[in-house]
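Both backbone and side-chain heavy atoms feed into the values below; hydrogens, waters and symmetry mates do not.
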Amino acid sequence: QGERKGVNKYYPPDFNPEKHGSLNRYHNSHPLRERARKLSQGILIIRFEMPYNIWCDGCKNHIGMGVRYNAEKKKVGNYYTTPIYRFRMKCHLCVNYIEMQTDPANCDYVIVSGAQRKEERWDMADNEQVLTTEHEKKQKLETDAMFRLEHGEADRSTLKKALPTLSHIQEAQSAWKDDFALNSMLRRRFREKKKAIQEEEERDQALQAKASLTIPLVPETEDDRRLAALLKFHTLDSYEDKQKLKRTEIISRSWFPSAPGSGPSSKVGSVLKKLAQGRRPTPAGSPITVGDLGIVRRRSRDVPESPQHAAETPKSGEAQVPQGTAQDRPTSPGDCPQEPAKTPKTSAQEGSCQDKPLSSPGSSQEAAEPPDSSSLVADYSDSESE
């Protein structure tokens with residue numbers, strides 16, 4: 001047999017072109033092979049594609065538009081000079097047969113039997129589609145001149161209404177006419193967008209490396225920028241407050257380092273630190289007084305007189321014998337301690353330093369104290385007043 005789609009065909013030795021004419025007549029076969037097995041009945045098997053969605057009457061299943069079948073095609077009539085064909089096919093889900101035929105008057109397909117159409121049709125006039133001219137109207141246009149004139153006026157008014165839409169469509173088509181310019185514009189936009197994305201990825205990688213982050217970063221938005229502008233980060237204390245606190249700590253720090261293992265000394269140091277922090281700062285111009293050092297001076301009337309102190313006090317009329325070594329005695333009038341101006345002087349205190357009795361070695365601590373009448377414990381007013 002000769003191949004239907006082969007380029008090189010085999011011609012047998014007994015093939016005679018004058019007698020057989022072609023290889024199909026030589027093999028007594030039709031060029032369509034099995035598709036033409038019912039050609040004697042006027043039926044040709046073709047590949048038919050479903051024109052719309054239908055429901056099969058046999059299995060009640062949905063058959064979508066575009067499904068293809070091997071259908072038997074035959075001619076059943078004419079619409080004027082246009083033939084009407086009928087197609088018969090078997091459902092691929094059941095044993096039911098579906099028959100459909102063409103409708104040249106409406107440019108559509110009609111279901112004859114075996115299925116129901118899924119209604120999705122619309123009015124062509126409402127959809128502004130081109131309507132087919134009916135046969136009676138076409139015949140009237142050919143014979144009636146007045147009707148043809150009126151029909152032409154209606155067509156011109158329809159064209160005038162549709163002219164803005166048609167011009168807009170033409171402008172849109174002309175804008176897309178230059179393919180090279182459009183392609184260049186799209187490629188340029190693509191390169192710019194790709195470059196921006198690459199720069200953003202580099203910034204994100206640098207930020208991740210700086211902050212040691214492994215999480216992916218989301219793109220920055222305008223809301224994020226607005227929210228970040230409203231935030232303001234600052235410390236609780238200013239720089240001046242920190243410097244003042246640091247100076248206060250340095251001033252209140254102990255001059256002598258405390259031993260790390262000594263318990264009482266650490267307690268004493270903490271107490272002194274608290275006292276130093278609690279006292280008021282002394283003005284720079286005023287001299288340091290006894291009260292600023294934390295020393296409390298006791299009055300002589302507040303301290304009871306001890307027996308030893310009373311025995312050491314010389315009586316009136318007795319000679320005062322100086323005791324002690326020569327180092328304890330004042331050698332010159334300038335060696336005698338000065339008395340404050342506020343203390344009232346007595347007759348015994350108005351004399352020279354030799355007239356005053358010298359304290360014994362046991363009372364050296366009392367002699368070391370300032371000779372203030374308010375801080376002296378002994379009373380010398382009875383020595384020479386009588």
Side chains of Tyr26 and Asp14: donor-acceptor distance under 3.5 Å anywhere?
yes
Are Tyr85 and Leu44 connected into the same hydrophobic cluster when the rule is that any two of I, L, V, M, F, W, Y join if their side-chain heavy atoms are below 4.5 Å apart?
yes
Does CD in Gln139 sit with more than 12 non-hydrogen atoms of other residues, nucleotides or ligands closer than 6.0 Å?
no
Any salt bridge between Arg117 and Asp108, counting N to O under 4.0 Å?
yes
Does the side chain of Thr158 come under 3.5 Å of the side chain of Asp155 through a donor N or O and an acceptor N or O?
no
Ion pair Glu222/Arg225, N-O distance below 4.0 Å:
yes
What are the two closest non-hydrogen atoms of Asn96 and Gly114, and how far apart are they?
ND2-O, 2.9 Å
Working to the nearest 0.5 angstrom, can you tell me the gap between Trp55 CH2 and Asn61 CG?
8.5 Å
When rounded to the nearest 0.5 angstrom, what is the spacing between CZ in Arg88 and CD1 in Ile43?
8.5 Å
Ile84 with Met89, same ILVMFWY side-chain cluster at under 4.5 Å:
no
Looking at Glu153 and Arg156, does any basic side-chain N land under 4.0 Å from a carboxylate oxygen?
yes
Pair Asp241 + Lys244: basic N to acidic O under 4.0 Å
no
Nearest heavy-atom pair of Cys94 and Cys56: which atoms, and what distance?
SG-SG, 3.7 Å
Do Arg121 and Glu119 sit within salt-bridge range, that is, some charged N less than 4.0 Å from a carboxylate O?
yes
